[in-house]
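Before any comments, here is the structure.
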Amino acid sequence: MAKKATAPDPDAPEQNPEQSGPAEPELSYEEAREELDTVVRRLESGGLTLKESLALWEKGEQLAKTCEQWLEGARAKLAVAMEESNGHQGERDADAPF
């Protein structure tokens with residue numbers, strides 16, 4: 001089964017490889033995780049041809065990358081928030097435990 005080539009969306013923002021940080025994935029984390037779960041279940045169930053298995057494996061790899069992108073983005077945001085929080089703590093009374 002061949003994938004259709006799609007023309008770039010003229011309304012979508014251009015992807016500049018020099019931009020800081022990766023572009024947001026097309027699927028939400030939850031959508032990608034759910035699709036990945038479906039792929040894993042199909043692979044585990046067996047009965048697929050080698051070609052079908054390889055195609056599903058590749059799809060699973062892409063979905064896993066999408067999930068990882070979301071998680072890395074969340075980790076980065078959390079790190080920034082923690083740094084900001086720690087920076088504001090220095091403004092508080094030095095004897096305060098929190």
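By the side-chain contact (heavy atoms from CB on, under 4.5 Å) test, Glu44 is found to be paired with Val40, residues two or more places apart in sequence or in another chain being considered. Under the side-chain contact (heavy atoms from CB on, under 4.5 Å) criterion, Gln62 pairs with Lys65, sequence neighbours left out. Glu52 meets the side chain to side chain donor-acceptor pair (under 3.5 Å) test with Thr49; sequence neighbours excluded. Applying the side chain to side chain donor-acceptor pair (under 3.5 Å) rule to Glu72 yields the partners Arg75; only residues at least two apart in sequence or on another chain are considered.
Nearest heavy-atom pair, Ala32 versus Thr66, reported as atom, atom and distance to 0.1 Å: CB-CG2, 3.8 Å. Shortest non-hydrogen contact noted between Leu48 and Ser53 is CB-OG, 3.5 Å. Across all non-hydrogen atoms, the minimal contact from Trp70 to Leu27 is NE1-O, 2.7 Å.
Put simply, the residue from Leu43, Asp37, Val39 that forms a side chain to side chain contact (heavy atoms under 4.5 Å, CB included) with Arg41 is Asp37.
In this structure, Met82 belongs to a hydrophobic cluster whose other members, linked by side-chain heavy atoms under 4.5 Å apart, are Leu78.
Sorted by first and then second residue, the salt bridge (Lys or Arg N to Asp or Glu O under 4.0 Å) pairs involving residues 55-64 (not counting sequence neighbours) are Glu35-Lys59.
The CG atom of Leu63 lies 12.0 Å from the OH atom of Tyr29; values are rounded to the nearest 0.5 Å.
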